There are 2 protein chains.
Amino acid sequence: MNDQTLVTDKWRAAYAARRLAEFTSRCRERGLAITPQRVAVMRVLVASGDHPRAETVFAKLRKEYPNISLATVHRTLETLCAIGEARKVTPLHDSARYDGNTAPHHHLVCVRCRKIRDIDVPEFNDLLHGRQSLGEFQLLGCAVEVQALCGECRRAANSGVRTPNSRGQTHNLKQRITREGETLWRKH
Amino acid sequence: MNDQTLVTDKWRAAYAARRLAEFTSRCRERGLAITPQRVAVMRVLVASGDHPRAETVFAKLRKEYPNISLATVHRTLETLCAIGEARKVTPLHDSARYDGNTAPHHHLVCVRCRKIRDIDVPEFNDLLHGRQSLGEFQLLGCAVEVQALCGECRRAANSGVRTPNSRGQTHNLKQRITREGETLWRKH
DNA sequence: TATCGGATGATAATTACTATCACCCAGGCG
DNA sequence: CGCCTGGGTGATAGTAATTATCATCCGATA
Ligand SMILES: [Mn+2]
Ligand SMILES: [Mn+2]
Ligand SMILES: [Zn+2]
Ligand SMILES: [Zn+2]
């Protein structure tokens, strides 16, 4: 883990050009219409090395498309994630989750119901190998989040219920999800 | 990384008892008042193995303290994090952050301004060693989040500006923080 | 036990989405 | 190329999760 581990702007620029070139055909494959807004959101996102939030993408787009709606930006970003053209860096961002366990440990997270279990993998506790800094950054620690499907959700997924957070053309169906193990209903 | 990596309920029960026993003296050291609400939030949190959200803690507390306020629960949970008696599993939960880079990579996050930089550490890409499951969970992947302080924030921290998210006795001072690199002002 | 500053409860305000719905336009068809 | 049609969009209302405000309370110390 040396300074080369920081991804460079140069790499990203070339990567962005390639991804953008493929984008319209990817939409066509998926049956998604190629609208100026959709392309623009993709272009701004893929050109950003800073993991922007919807507001930030919106702000950049407004200069070019003064009439674009923030809702469209939110929708489009979720669509891009759903078709695998983007990812959310913050899959657990919907509400803050607290932990009384201050011992060093890591987490196993069900991507569907967001159940979180503690795991203790000694190997994960020294991933930084005592390294104190990386470029301009002073390193403080690291957290491993293992994405998984819990038993309950695996069964549900197999029986054909769609996974949550996969926004698509059908926003109007209710889905059973569990949050922290409690069962509740949420619109999607 | 075998099944023993899942932390057991038994371990947690013993751990919870110990943490709770130390709690009042820890508050005293920090100059924090020992209120029934504060102790109760700590007790519920440390007894929970499920990384609850504020609402969930609130629901459990209400049975015992019908008059406790949800705001108090939010405040107290943040206080516990600030003094190191708890941690937030979701440090980036405040707004969704998107990434146009779908190549496998991991992230370096400034804990203060929430800048996120890509890092590519080949070693991090095989932490699961091809393992497909853990207990009831089907493993899908994993993400490493390296917590750090960026250069700008390190300088700010050294010059005595308090870190964000450290709720304490002084909620009423404004702080300069940057979000995704943009500079903005936020009340605290 | 009196004092006082931090803590709390009630509630208003804010932030970040998410739903609704009328209208629009991309893409298939002739 | 000019209609059709359903997904896409903009405007806006609604919701969930905090966060701020402030009068009142009460734990800590003297
Ligand atoms: Mn934990
Ligand atoms: Mn990234
Ligand atoms: Zn699950
Ligand atoms: Zn920073």
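Hydrogens, waters and symmetry mates are skipped; everything else that's a heavy atom, side chains included, is used. Note that this is a predicted model, so its numbers are computed, not measured. Below, read A as the first sequence line, B as the second, and so on, with proteins coming before strands; counting in each chain starts at 1.
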Contacts under 3.5 angstrom, residues 132-146 of chain A side chains, donor-acceptor by atom type, not counting sequence neighbours:
unit_1 : atom_1 : unit_2 : atom_2 : d
A:Q132 : NE2    : A:G130 : O      : 3.2

Polar atom pairs between nucleotides 24-29 of chain C and protein, under 3.5 Å, N or O only, would you list them?
unit_1 : atom_1 : unit_2 : atom_2 : d
C:dG27 : OP1    : A:I34  : N      : 3.2

Problem set entry | Partner set under ring pair (Phe, Tyr, Trp, His ring centres under 6.0 Å) for A:F23, not counting sequence neighbours | none

Problem set entry | Contacts of A:R62 that satisfy side chain to side chain donor-acceptor pair (under 3.5 Å) - sequence neighbours left out |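 Not a single residue meets the side chain to side chain donor-acceptor pair (under 3.5 Å) criterion with A:R62.
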
Problem set entry | Partners meeting side chain to side chain donor-acceptor pair (under 3.5 Å) with A:D120 (sequence neighbours left out) |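 By the side chain to side chain donor-acceptor pair (under 3.5 Å) rule, A:D120 matches no residue at all.
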
For this session: Using a 4.0 Å heavy-atom cut-off across all strands, classify A:A96 as base, sugar-phosphate, or nothing.
Result: sugar-phosphate

With a 4.5 Å heavy-atom cut-off, do [X] and [Y] have their side chains touching?
X: A:R12; Y: A:D9; value: no
X: B:L108; Y: A:L6; value: yes
X: B:R97; Y: A:K88; value: no

For this session: Using whole Å, report how far CD of A:E78 lies from C1' of D:dT9.
Result: 17 Å

Problem set entry | d(CZ, A:F58; C1', C:dT18) in whole Å |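 The distance from CZ of A:F58 to C1' of C:dT18 comes to 16 Å, rounded to the nearest Å.
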
Exercise. What is the ring orientation for B:H105 with B:H107, classed by angle as parallel under 30°, tilted 30 to 60°, or perpendicular over 60°?
Worked result: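 Taking B:H107 first and then B:H105, their aromatic rings stand perpendicular (interplane angle over 60°).
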
With 3.5 Å as the limit, what N/O pairs link the protein to nucleotides 9-13 of chain C?
unit_1 : atom_1 : unit_2 : atom_2 : d
C:dG9  : OP1    : B:Q37  : NE2    : 3.2
C:dG9  : OP2    : B:S69  : N      : 3.1
C:dG9  : OP2    : B:T72  : OG1    : 2.6
C:dG9  : N7     : B:R75  : NH2    : 2.9
C:dG9  : O6     : B:R75  : NH1    : 3.2

Problem set entry | side-chain N/O B:H93 vs D:dA17 OP1/OP2, d < 4.0 Å | no

Exercise. Which nucleotide sits closest to the side chain of B:H74: C:dA7, D:dT18, C:dA16?
Worked result: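 The answer is D:dT18.
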
